[in-house]
Amino acid sequence: MAAAKYIVGNWKLHGSVQENAARLAALKAGCRSDVALAVCVPFPYLAQAQQALQGSAIAWGAQNVSEHAKGAFTGEVSAAMLTDFGCSCVIVGHSERRSLYGEDDATVARKVQAAAAAGITPIVCVGETLSERERGETAQVVTRQLAAVLVHVSTETKRHMVVAYEPVWAIGTGLAASEEDVREVHALLREQLERAGAANARLLYGGSVKASNAKTLLNIANVDGALVGGASLNAEEFLEIAQAARA
Ligand code: PGA
């Protein structure tokens, strides 16, 4: 599969109307259409992202979505609401959601299905913690997390979903996984996707991706793109990562 690499920025809990305006304008001015770029912004800024990026080659999305369509769920945001703001993707099951907000595998699976049913590409995050890695449980953890989603979703969803391998110990630490670790886990996940009839699902790597290591990470077999946190807050660096994806 020689499709363009997919580079997704995860802004997390950062930004302001003013700050975003400058960042979005810089991204729009600097992007080229031969890499698939997307930014996942905080909910209140979806309208701003939509307005700023409409007509550009950059897509936008959210960082979470409710598993529910509507009802008495105070504080939740549904997939249909995301489509109202032109979102094409949403991050689901990020390790911060799992560890800080108690999202378990089953919840993540329901959110993936809710997003896909609304026509939004779910970017499903999987990844082991440092202690799980030290106990030699990496393969077991990531395959369990992915399996929970694969059994739950339709064949159509499987074909269009994106999976991001984000080792928890590599997130925000400045210490990306080694080439060997990424190669090994991505091969494992690819095999699992193939067995589940999702051979074409894109597999991203995330965890301390920067301009300086992007090229190396993006050249590893079965790495179809990157999910970028901290470095996506700097438009120039994010565009450099996109440039690395092109080379
Ligand atoms: P990081 O975050 O690039 O800052 O490590 C990645 C993520 O959490 O998606």
Side-chain angles (χ1 to χ4, degrees), residues 4-54 56-65 82 85-97 120-125 127 162-168 170-177 182 202-218 223-247:
K5 300 273 188 194
Y6 189 40
I7 308 294
V8 182
N10 173 11
W11 288 8
K12 305 194 184 187
L13 185 56
H14 294 288
S16 66
V17 167
Q18 199 181 350
E19 219 179 285
N20 305 340
R23 191 182 300 133
L24 292 166
L27 290 178
K28 194 171 171 178
C31 90
R32 287 178 21 194
S33 57
D34 49 352
V35 173
L37 274 189
V39 288
C40 291
V41 308
F43 290 134
Y45 301 133
L46 285 173
Q48 187 184 16
Q50 180 179 33
Q51 200 175 17
L53 298 176
Q54 215 148 37
S56 80
I58 306 173
W60 60 94
Q63 302 164 19
N64 186 24
V65 64
L82 298 184
F85 291 93
C87 290
S88 64
C89 60
V90 62
I91 299 170
V92 181
H94 189 280
S95 64
E96 286 149 19
R97 300 293 321 168
I120 299 174
T121 301
I123 303 171
V124 189
C125 301
V162 173
V163 176
Y165 170 52
E166 295 207 310
V168 178
I171 295 175
T173 59
L175 195 84
V182 176
R202 279 183 288 192
L203 255 180
L204 314 183
Y205 167 77
S208 295
V209 175
K210 305 172 265 213
S212 58
N213 62 15
K215 196 166 180 175
T216 305
L217 289 163
L218 289 165
V223 175
D224 304 319
L227 182 53
V228 185
S232 75
L233 296 172
N234 180 323
E236 203 178 312
E237 180 159 19
F238 192 57
L239 290 168
E240 272 180 59
I241 294 169
Q243 177 63 38
R246 192 173 287 127

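Basis for what follows: all heavy atoms, side chains included, without hydrogens, waters or symmetry-related copies.
In this structure, L218 and V209 have side chains that are not in contact, with every pair of non-hydrogen atoms separated by 4.5 Å or more. For the pair V39/S232, no side-chain contact is recorded, criterion being any heavy-atom separation below 4.5 Å from C-beta on. When side chains are defined from C-beta on, S95 counts as touching I171, because their heavy atoms get closer than 4.5 Å. For the pair V41 and N20, the minimum side-chain heavy-atom distance is 4.5 Å or more. At least one side-chain heavy atom of R32 sits under 4.5 Å from a side-chain heavy atom of Q243. You'll find the side chain of V228 stays beyond 4.5 Å of the side chain of E237, heavy atoms only.
Residues C87 and G61 share a closest heavy-atom pair of SG-CA, 3.8 Å. L239 approaches A26 most closely through the heavy-atom pair CD1-O, 3.7 Å. Nearest approach of S16 to Y45, heavy atoms of both residues: CA-OH, 3.3 Å. Shortest non-hydrogen contact noted between A59 and L53 is O-CD1, 4.2 Å. Between E236 and N234, the closest heavy-atom pair is N-OD1, 3.0 Å. Contact record, A62 with L82: CB-CD2, 3.7 Å, taken as the closest heavy-atom pair.
Qualifying salt bridge (Lys or Arg N to Asp or Glu O under 4.0 Å) partners for E19, counting only residues two or more places apart in sequence or in other chains: R23. Partners of K12 according to the side-chain hydrogen bond (donor to acceptor under 3.5 Å, both in side chains) rule, which considers only residues two or more places apart in sequence or in another chain, are E96. In terms of the side-chain contact (heavy atoms from CB on, under 4.5 Å) criterion, residue partners of A164 (sequence neighbours excluded) are, by chain and number, I123, C125, E166, L204, L227.
Rounded to the nearest 0.5 angstrom, I7 CD1 and I58 CD1 are separated by 12.5 Å. Rounding to the nearest 0.5 Å places CG of L27 at 7.5 Å from CG of L37. Here the straight-line distance linking atom CG of N64 with atom CZ of R97 works out to 4.0 Å at 0.5 Å rounding.
The number of heavy atoms from other shown groups lying within 6.0 Å of CD (Q51) does not exceed 12. The local environment of NZ in K215 is sparse, with at most 12 non-hydrogen atoms from other residues, nucleotides or ligands closer than 6.0 Å.
Panel note: side chain N213, backbone S208; a donor-acceptor pair is recorded below 3.5 Å. W60 places a side-chain N or O within donor-acceptor distance of the main-chain N or O of F85, the cut-off being under 3.5 Å. K5 places no side-chain N or O within 3.5 Å of a backbone atom of V35 that could act as its donor or acceptor partner. Judged by distance alone, the side chain of Y205 and the main-chain N or O of G207 form a donor-acceptor pair under 3.5 Å.
Checked against V223 for a side chain to side chain contact (heavy atoms under 4.5 Å, CB included), the options L203, V182, L217 give a single hit: V182.
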